[in-house]
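Quick caveat, the model's predicted, so the values are computed rather than measured.
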Amino acid sequence: MNPYFSEVLDAHVAIEAWLGRGVGSLEALMARFSAAFTLVSPAGTVLDCDGLRTLFTTHQAGRPGLKIEIDSMTLVQAWDTGAAVRYREHQQLADNAATTRWSTAVFSRSEQDLVWCHLHETLVAG
């Protein structure tokens, strides 16, 4: 499997475990993200790496029963040291309606690391 697709899937397994059950290591989760990481949330809020750490710290086990499914992964562009990937993410809480978002992630890759540099999320109406 494409290493970027594998990272998208693996990261969301870790995020689901952390936010849904409080399971995992915050440091291992944060190691997936560049120190210069930025996130544009579905609400239009821009978070940096420190903001992402705060979000994960504040919401550990805060979304009981969270289920995340990823599909429709597409390699938008790849280059020697990274790639851009688009994917659709479905989130479901036990007693809430599901949400779906399209996400575009930009990755940096070296011989040792593959890290998230930027993520832009847009909710799907419906």
Side-chain angles (χ1 to χ4, degrees):
M1 176 181 280
N2 178 303
Y4 300 103
F5 292 178
S6 293
E7 174 55 22
V8 168
L9 295 172
D10 293 347
H12 284 87
V13 167
I15 291 167
E16 178 186 288
W18 182 261
L19 296 177
R21 300 184 309 279
V23 174
S25 159
L26 178 60
E27 292 312 312
L29 187 55
M30 290 304 301
R32 295 179 177 276
F33 300 93
S34 162
F37 175 79
T38 54
L39 162 69
V40 179
S41 76
T45 305
V46 178
L47 292 178
D48 61 10
C49 195
D50 289 337
L52 183 65
R53 178 181 289 279
T54 299
L55 182 145
F56 284 147
T57 301
T58 303
H59 296 287
Q60 182 183 10
R63 303 189 72 200
L66 175 65
K67 298 291 180 203
I68 300 175
E69 293 183 13
I70 304 296
D71 64 25
S72 302
M73 288 187 286
T74 303
L75 185 63
V76 175
Q77 182 71 49
W79 51 94
D80 290 344
T81 59
V85 174
R86 182 180 60 243
Y87 59 92
R88 188 169 52 187
E89 177 180 341
H90 306 278
Q91 291 190 11
Q92 176 75 52
L93 289 173
D95 55 356
N96 289 342
T99 61
T100 300
R101 65 192 75 199
W102 281 105
S103 298
T104 302
V106 178
F107 295 95
S108 175
R109 184 175 188 181
S110 68
E111 289 182 24
Q112 302 84 5
D113 294 316
L114 188 160
V115 295
W116 297 66
C117 296
H118 179 75
L119 177 62
H120 190 121
E121 301 179 319
T122 302
L123 284 176
V124 174

Worked check of side-chain contact (heavy atoms from CB on, under 4.5 Å) between Leu123 and Arg101
CA-CA 4 Å; Leu123 284 176; Arg101 65 192 75 199; 4.2 Å; yes
List the steps and the verdict of side-chain contact (heavy atoms from CB on, under 4.5 Å) for Asn2 and Met73.
CA-CA 10 Å; Asn2 178 303; Met73 288 187 286; over 6 Å; no
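Using a 4.5 Å cut-off between side-chain heavy atoms of Ile, Leu, Val, Met, Phe, Trp and Tyr, with links allowed through other members, Val85 and Trp102 fall into different hydrophobic clusters. Residues Tyr87 and Phe5 fall within the same hydrophobic cluster, defined by Ile, Leu, Val, Met, Phe, Trp and Tyr side chains chained together at heavy-atom separations under 4.5 Å. Hydrophobic clustering (ILVMFWY, side-chain heavy atoms < 4.5 Å, transitive): Val115 and Leu29 are in distinct clusters. Linking ILVMFWY side-chain heavy atoms closer than 4.5 Å, directly or via other members, places Leu39 and Met30 in a single hydrophobic cluster. Each of Val106 and Leu52 belongs to its own hydrophobic cluster when Ile, Leu, Val, Met, Phe, Trp and Tyr are linked at side-chain heavy-atom distances under 4.5 angstrom.
The distance from atom CD of Gln91 to atom OG1 of Thr99, rounded to the nearest 0.5 Å, is 4.5 Å. A distance of 7.5 Å separates CD in Glu89 from CD1 in Ile15, rounded to the nearest 0.5 Å. Distance check: Leu26 CG to Arg53 CZ gives 5.0 Å after rounding to the nearest 0.5 Å. Taken to the nearest 0.5 Å, the NE2 atom of His118 stands 12.0 Å off from the OG atom of Ser34. Separation of atoms CZ (Arg86) and OG1 (Thr104) is listed at 6.5 Å; rounding is to 0.5 Å.
Annotation: salt bridge (charged side-chain N to carboxylate O under 4.0 Å, His left out) contacts involving residues 35-49, sequence neighbours excluded, are absent. Residue pairs meeting the salt bridge (charged side-chain N to carboxylate O under 4.0 Å, His left out) criterion with at least one member in residues 63-84, sequence neighbours excluded, are Asp71-Arg88.
Residues Ala83 and Leu75 come closest through the heavy atom pair CB-CD1, 3.8 Å. The heavy-atom pair separating Ser103 from Leu119 by the smallest distance is CB-CD1, 3.8 Å. The two atoms that bring Cys49 and Ala35 nearest to each other are CB-O, 3.5 Å, heavy atoms only. The shortest non-hydrogen separation linking Trp79 to Gln77 is CZ3-O, 3.6 Å. The minimum heavy-atom distance between Pro64 and Leu93, with the atom names listed, is O-CD2, 3.7 Å.
Gln112 and Ser110 form a side-chain donor-acceptor contact under 3.5 Å, judged by distance and modelled atom types alone.
Tyr4 and Phe107 have tilted rings, their planes meeting at an angle from 30° to 60° on a 0 to 90° scale.
A donor-acceptor contact shorter than 3.5 Å links the side chain of Trp18 to the backbone of Phe56. In this structure a side-chain-to-backbone donor-acceptor pair under 3.5 Å is present from Gln60 to Gly22.
Residues satisfying the ring pair (Phe, Tyr, Trp, His ring centres under 6.0 Å) criterion with His120, sequence neighbours excluded, are absent altogether. For Thr54, the side chain to side chain contact (heavy atoms under 4.5 Å, CB included) partners are Thr58, not counting sequence neighbours. Taking the side chain to side chain contact (heavy atoms under 4.5 Å, CB included) definition, one finds that Leu55 meets it with Leu47, His59, sequence neighbours left out. In this structure, the side chain to side chain contact (heavy atoms under 4.5 Å, CB included) partners of Ala11, at least two apart in sequence or on a different chain, are Glu7, Arg32, Trp116.
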